[in-house]
There are 2 protein chains.
Amino acid sequence: MTVSKTAEKSAEKPAEAARGRKDAAEGPGEALQLGELSEQLGYVLKRAQLKVFENFLRCMASLQLTPAQFSVLLLVEKNPGRNQTEIASTLGILRPNFVAMLDNLESRDLCARIRSTNDRRSHILVLTDKGKAVLARAKKLVATKHEARLNELLGQSNREALLGMLSKIANEF
Amino acid sequence: MTVSKTAEKSAEKPAEAARGRKDAAEGPGEALQLGELSEQLGYVLKRAQLKVFENFLRCMASLQLTPAQFSVLLLVEKNPGRNQTEIASTLGILRPNFVAMLDNLESRDLCARIRSTNDRRSHILVLTDKGKAVLARAKKLVATKHEARLNELLGQSNREALLGMLSKIANEF
DNA sequence: GATATTTGATATGGTCCATAACAATTATCA
DNA sequence: TGATAATTGTTATGGACCATATCAAATATC
């Protein structure tokens with residue numbers, strides 16, 4: 001069995017795992033030198049992203065929503081009446097991979113596919129009432145538990161600066 | 001056939017893909033609203049990370065090094081004589097998954113496993129001469145093509161601030 | 001009306017991540 | 001000392017995510 005979406009274990013905390021065994025027996029001085037690694041933006045970026053997702057999953061454990069699912073619900077709420085192709089591609093999800101994702105959300109009655117009358121090929125996406133309610137609760141959890149923790153760690157203005165720089169990288173790099 | 005590590009196509013540029021088809025026929029106004037999504041740190045963080053890795057792979061195309069492989073070479077160079085468990089866990093790689101990675105690097109004669117004389121269970125890791133040479137070239141490519149581009153985009157001081165905040169998240173979140 | 005395109009879907013394969021289990025070796029301690 | 005436990009590298013395996021090819025139905029194009 002594997003840990004499902006809501007992973008709790010995460011099996012390897014980078015720095016801590018390296019220590020912890022030999023140290024007790026051989027003394028303190030066995031920690032590896034990260035060296036230039038800690039200056040590599042890609043490396044640190046990846047590490048930070050994993051931590052943030054991990055925390056997001058913990059905060060959302062009660063609602064069982066992954067970051068990707070949360071983003072779909074947000075986007076459908078903001079843009080009701082769009083079809084699968086539009087929603088998927090805006091999120092960078094390939095259409096084939098979006099099918100199973102929607103199957104999941106639809107089976108949990110969070111969103112619904114509706115055959116379009118204009119174009120009977122496409123499925124219009126909308127949130128169900130339950131979907132809207134769950135999303136509302138999810139937003140609150142994210143705001144009070146997740147983003148709040150980041151503000152606490154970085155400070156409000158730093159957090160905004162960080163967001164700005166990341167957006168710049170995401171859009172202009 | 002799939003595109004190997006050095007992906008060039010990347011199949012879905014989030015925002016651009018959504019437009020591009022209907023637009024030409026139906027006019028401009030069909031872009032989806034990202035809404036609160038663009039304020040979600042996790043979302044933007046993930047997007048930025050993908051862009052950075054993508055650029056890294058392009059810069060390293062001539063050396064065929066992935067970010068993960070680069071990090072292994074860097075760490076082994078900085079900490080010669082450590083065994084697989086130590087190197088892997090410092091990088092957050094699980095030992096079983098590290099085996100194939102080392103098989104690859106070793107088959108390309110970039111690093112070598114040496115049976116330890118102290119503990120004949122463990123394999124000491126070192127860079128080969130070729131490994132050192134390749135790593136040196138890799139560092140130059142990263143500095144001149146990859147990190148330079150980031151400096152250009154963000155500015156030196158912003159880039160450092162970004163790195164600091166990401167480190168904080170990676171270590172203290 | 002013949003041909004091409006788009007949409008949602010299926011099948012499939014690759015990569016990465018995580019767990020269980022094993023043989024060889026070493027550590028522990030009764 | 002010798003039985004038991006723990007560690008190292010490894011294999012096997014399965015899940016999650018990503019990417020491509022292909023399909024039938026519907027629509028667009030010419």
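Computed from a predicted model, the values in this text were never measured in an experiment. Chain letters run A, B, ... following the sequence lines, proteins first, then strands; residues in each count from 1.
For the side chain to side chain contact (heavy atoms under 4.5 Å, CB included) with A:Leu65, the qualifying choice from A:Leu57, A:Leu110, A:Val72, A:Val142 is A:Leu110, the only one to do so.
Across every non-hydrogen atom of B:Glu106 and B:Arg113, the tightest pair is OE1-NE, 2.9 Å.
Scored by the side-chain contact (heavy atoms from CB on, under 4.5 Å) test, B:Glu160 finds B:Gln156 as partners (sequence neighbours excluded). Considering only residues two or more places apart in sequence or on other chains, A:Leu127 meets the side-chain contact (heavy atoms from CB on, under 4.5 Å) condition with A:Leu73, A:Val76, A:Glu77, A:Cys111, A:Lys132, A:Leu135. Checked against side-chain contact (heavy atoms from CB on, under 4.5 Å), A:Val44 has the following partners two or more places apart in sequence or in another chain: B:Leu163, B:Leu166, B:Ser167.
Computed from coordinates, the A:Phe98 CZ to C:dT10 P distance equals 15 Å when rounded to whole Å. Across the protein-nucleic acid pair, B:Ile87 atom CD1 and D:dG9 atom C1' stand 15 Å apart, rounded to whole Å. Atoms CD1 (B:Ile93) and C1' (C:dC17) sit 11 Å apart, rounded to a whole Å. One atom, CD of B:Gln49, and another, P of D:dC17, lie 15 Å apart when rounded to the nearest Å. Between A:Arg95 atom CZ and C:dT5 atom P the separation is 15 Å, expressed in whole Å. One can place CG of B:Leu57 at 13 Å from P of C:dT15, the figure rounded to the nearest angstrom. Remark: P of D:dG9 and CD1 of B:Ile114 are 13 Å apart, rounded to the nearest angstrom. If you measure from atom NE2 of A:His123 to atom P of C:dT6, you get 18 Å, rounded to the nearest angstrom.
Regarding contacts with the backbone of D:dT7, every side-chain N or O of B:Ser122 stays at 4.0 angstrom or more from both OP1 and OP2.
The nucleotide whose nearest atom lies closest to any side-chain atom of B:Leu94 is, among C:dT19, C:dT7, C:dA9, C:dT19.
For the pair A:Asn83 and A:Lys46, both in contact range of DNA chain C, the more 5′-proximal nearest nucleotide belongs to A:Asn83. Between A:Leu50 and A:Asn97, the one whose closest nucleotide on DNA chain C sits nearer the 5' end is A:Asn97.
Each side-chain hydrogen bond (donor to acceptor under 3.5 Å, both in side chains) pair with one or both residues in residues 33-42 of chain B, not counting sequence neighbours, appears once here: A:Lys139-B:Glu36.
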Distances for protein N/O vs nucleotides 21-26 of chain C N/O pairs under 3.5 angstrom?
{"residue": "C:dT25", "atom": "O2", "partner": "B:Arg121", "partner atom": "NH1", "Å": "3.4"}
{"residue": "C:dT26", "atom": "OP1", "partner": "B:Arg120", "partner atom": "N", "Å": "2.9"}

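Counting side-chain heavy-atom gaps under 4.5 Å among Ile, Leu, Val, Met, Phe, Trp and Tyr, the cluster of A:Val126 also holds A:Ile114, A:Ile124.
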